[in-house]
Amino acid sequence: MRIYVSGKITGNKYAEEQFKAAEDYLKEKYQATVINPFRVNRELPNLEHDEYMKMSFAEMDLCDTIYFMENWRESCGASQEMGYAIAKRKRIWFE
């Protein structure tokens, strides 16, 4: 199983810790491969928002499940990921 983590990054001073906690939880509970976009995207050069979203959609395509953290509704990007997950008929889990 591969799980993509979605939530608020921009303007969230706790994003790194929240995404890491979600990643650790999902790995332990489901023994899954977890894609943490905060960690993955940090390794990319400084991109525009739409470029980060293209990367996120590509990462989501690798997963069968999308895990939405509690703060996802506060994020334009995570809201776009929700629409993409629905369109791609991904399994959606909520915190």
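Because the structure is a prediction, the values reported are computed rather than measured.
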Tell me, please, which residues at least two apart from [X] pass side-chain contact (heavy atoms from CB on, under 4.5 Å).
{"X": "E74", "answer": "K8, N71"}
{"X": "A22", "answer": "V5, Y67, M69"}
{"X": "T65", "answer": "M1, I3, R91, W93"}
{"X": "K90", "answer": "I66, A85, K88"}

Which residues pass the salt bridge (Lys or Arg N to Asp or Glu O under 4.0 Å) test with D64, not counting sequence neighbours?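 Applying salt bridge (Lys or Arg N to Asp or Glu O under 4.0 Å) to D64 gives none.
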Atom pair [atom1]/[atom2] of [X] and [Y] - distance to nearest 0.5 Å:
{"X": "M53", "Y": "S56", "atom1": "CE", "atom2": "OG", "result": "5.0 Å"}
{"X": "D50", "Y": "M55", "atom1": "CG", "atom2": "CE", "result": "12.5 Å"}
{"X": "F94", "Y": "R73", "atom1": "CZ", "atom2": "CZ", "result": "6.0 Å"}
{"X": "M82", "Y": "S75", "atom1": "CE", "atom2": "OG", "result": "11.5 Å"}
{"X": "W72", "Y": "E81", "atom1": "CH2", "atom2": "CD", "result": "10.5 Å"}

Would a hydrophobic clustering, with Ile, Leu, Val, Met, Phe, Trp and Tyr connected at side-chain separations under 4.5 Å, put I35 with F68?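 Yes; F68 is reachable from I35 via cluster members.
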Got a sec, which residues hit ring pair (Phe, Tyr, Trp, His ring centres under 6.0 Å) with Y84, two or more places apart in sequence or on another chain?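 In terms of ring pair (Phe, Tyr, Trp, His ring centres under 6.0 Å), with neighbours along the sequence ignored, Y84 is linked to F57.
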How would you list, by chain and number, every residue that makes a side-chain hydrogen bond (donor to acceptor under 3.5 Å, both in side chains) with [X], sequence neighbours excluded?
{"X": "Y30", "value": "none"}
{"X": "E23", "value": "K27, N36, R39"}
{"X": "K29", "value": "Y25"}
{"X": "K54", "value": "none"}

Contact list for residues 2-21, test ring pair (Phe, Tyr, Trp, His ring centres under 6.0 Å), sequence neighbours left out: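 Listed once each, the pairs would be none.
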Determine all donor-acceptor pairs shorter than 3.5 Å in which one atom belongs to a side chain in residues 41-48; sequence neighbours excluded.
{"from": "N41", "atom 1": "ND2", "to": "P37", "atom 2": "O", "distance (Å)": "3.4"}
{"from": "R42", "atom 1": "NH1", "to": "E16", "atom 2": "OE2", "distance (Å)": "2.8"}

